[in-house]
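Starting from 1, each residue takes its place in the sequence as its number. Both counts, for ligands and for their atoms, begin at 1 and track the order of listing.
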Amino acid sequence: MSADDLFRTLLERWGPSKVTMDQGRLAPHLEEWRGRSVGHAPFLAEPASTEEVSELVGLCAEHGVPITLQGGNTGLVLGQQPKGEILLSTRRMDRIRSVDAAADAVIAESGVVLARIQEAAEAAQRLFPLSLGSQGSATIGGLLSTNAGGVHVLRYGMMRDLTLGIEAVLPDGRIVRDLNSLRKNNTGYDLKSLLIGAEGTLGVITAATLRLFPKPSGRTVAMAALNTPDDAIALLQRAKARSNALSAFELMNETSIRYTLPLPGIRAPFSTTPPWTALLEFERFGDEQDQLSEIEDILAASVESGVILDAVVAQTLEAAAAFWRLRETLPAGHRSVGRPSVNHDVSTPVSRVPEFMRRAGILIQTLSPGAEMIAFGHAGDGNTHLTAIAAEGASFDKAAISTAIHDLVADLGGSISAEHGIGVSRKDDFLRYKDPTAVAVMRSIKAALDPKGILNPRVLF
Ligand SMILES: Cc1cc2nc3c(=O)[nH]c(=O)nc-3n(C[C@H](O)[C@H](O)[C@H](O)COP(=O)(O)OP(=O)(O)OC[C@H]3O[C@@H](n4cnc5c(N)ncnc54)[C@H](O)[C@@H]3O)c2cc1C
């Protein structure tokens, strides 16, 4: 059966609302969010239930038709972009099946957008702690498939740490149902962990049981001005030693902030942007005044000992939101630069973040004199988003810069993909830096579960 025949079969069974060749309906699913590339697909399928996903995948497996999976289309490594495969969007699978405050668990379908889970948790007086810049569009299926991280990993871990159970359609159409909310469950291989981070190569995630946590009564947000990344890590250690409530520690260099300040609604936290700025967030479960004095003590002691140059604590919710707005707008600020650039999403042990920043800066200058380095990210968990931007009119070898940065990461015991995954765009680096035995085991797992290469056939390998 060809893709065209499959389309006609599904059109007959499901009707035109769930399957279409209309280019107008396909268009928003084909373009990557930064506009870097446009995909193409014979048709778009939007199943509304696990059974419909199973029917579609089963037909594709039977007739050897490959599928690309898509949730919110916010992925940064092109795994969700079809290049000739049929496109399965989980947009219609958007039910929150249950919120169980007693079990601290929520069961949601894969197409539910993260912001809705956060709201449902809040309504039940609980917290779902995953938080990232794309939370208004990114879906549970995409977040699980990329094992997303975000700003609260320091305290709560990544998506894998926040998941108790899973439901998925395997590449032959069978359904695995394991939507438990158990904290203790040692019954054989952990298929949930296998599917999380598999980037849609081993199954279509259709629903998941996610962990909820006690809801803080508030949060305190502060910005600290710093001279060096070494000072940032010293401040991080001090904050962790003095307070058990640190929930985010983000670091931004001067260049990353400079390109963002001109954007509407963005305010500078300091009159002069320092070489490095840290954003600290503390959750509050007790008295507000007690917490404020604890944080002011940490910051005052850090100023006194020369670890930080200056600090400002948000006194209102609006001020706290403005601090976060600056941090979350950085990627948009950098998009406006318009000169050739190359991005990296890497992690190193936290203690080696300063060395990474120093050596990366030297490498970039050596390979492309005058180039700028944008560095920001979740320093509290060792994750840096690093972009090199060419100087006006200068020669700029993106591949050479990336290889140098990734060699450095490998030398420091880090990872060439901290939270965005491998997708299609990081495949060469994945195969180059990952332990060959680990890659061979992964290929065996893929071959065992998806021998015909039906699901996301261009992703990972
Ligand atoms: C502004 C911005 C900020 C971001 N910040 C962060 C951040 O801080 N931390 C972070 O980790 N990421 C971040 N991201 C990346 C992105 O949001 C995440 O990768 C997110 O997990 C993708 O979710 P999605 O629903 O958009 O998935 P998509 O982009 O649609 O898909 C991503 C991958 O998952 C697969 N997939 C989608 N749904 C399913 C499913 N149901 N079953 C199996 N596979 C599936 C796709 O095939 C693809 O390989 C950011 C992105 C943007 C645009």
Query raised in the report: For the side chain of Ser243 and the backbone of Ala245, is there at least one donor-acceptor N/O pair under 3.5 Å apart?
Result: yes

**Report entry** Glu119: partners by salt bridge (Lys or Arg N to Asp or Glu O under 4.0 Å), with sequence neighbours left out
**Finding:** none

**Report entry** ring pair (Phe, Tyr, Trp, His ring centres under 6.0 Å) partners of His152, counting only residues at least two apart
**Finding:** none

Requested in this report: State whether the number of non-hydrogen atoms from other residues, nucleotides or ligands found under 6.0 Å of Lys434 atom NZ is greater than 12.
Outcome: no

Just the distances, no angles: every ligand 1 N or O to protein N or O pair closer than 3.5 Å, one line each.
| unit_1 | atom_1 | unit_2 | atom_2 | d |
| --- | --- | --- | --- | --- |
| ligand 1 | 8 (O) | Glu419 | OE2 | 3.4 |
| ligand 1 | 9 (N) | Gly150 | N | 3.3 |
| ligand 1 | 9 (N) | Glu419 | OE1 | 3.1 |
| ligand 1 | 9 (N) | Glu419 | OE2 | 3.0 |
| ligand 1 | 11 (O) | Gly149 | N | 2.9 |
| ligand 1 | 11 (O) | Glu419 | O | 3.3 |
| ligand 1 | 17 (O) | Thr74 | OG1 | 2.8 |
| ligand 1 | 17 (O) | Ser134 | OG | 2.6 |
| ligand 1 | 19 (O) | Thr146 | OG1 | 3.4 |
| ligand 1 | 21 (O) | Gly142 | O | 3.3 |
| ligand 1 | 21 (O) | Leu143 | N | 3.4 |
| ligand 1 | 21 (O) | Thr146 | OG1 | 2.9 |
| ligand 1 | 25 (O) | Gly72 | N | 2.8 |
| ligand 1 | 25 (O) | Thr139 | N | 2.7 |
| ligand 1 | 25 (O) | Thr139 | OG1 | 2.7 |
| ligand 1 | 26 (O) | Gly72 | N | 3.3 |
| ligand 1 | 26 (O) | Asn73 | N | 3.2 |
| ligand 1 | 26 (O) | Thr74 | N | 2.8 |
| ligand 1 | 26 (O) | Thr74 | OG1 | 2.7 |
| ligand 1 | 29 (O) | Thr74 | N | 3.1 |
| ligand 1 | 29 (O) | Gly75 | N | 2.7 |
| ligand 1 | 30 (O) | Gly71 | N | 2.7 |
| ligand 1 | 30 (O) | Gly72 | N | 3.4 |
| ligand 1 | 30 (O) | Asn73 | N | 2.9 |
| ligand 1 | 41 (N) | Ile205 | O | 2.9 |
| ligand 1 | 42 (N) | Ile205 | N | 2.9 |
| ligand 1 | 44 (N) | Ser145 | OG | 2.7 |
| ligand 1 | 47 (O) | Leu69 | O | 2.6 |
| ligand 1 | 47 (O) | Asn456 | ND2 | 2.8 |

Query raised in the report: Under 3.5 Å, side chain of Glu328 to main-chain N/O of Ser134, donor-acceptor pair present?
Result: no

Query - Arg458: partners by salt bridge (Lys or Arg N to Asp or Glu O under 4.0 Å), with sequence neighbours left out - result: Glu85

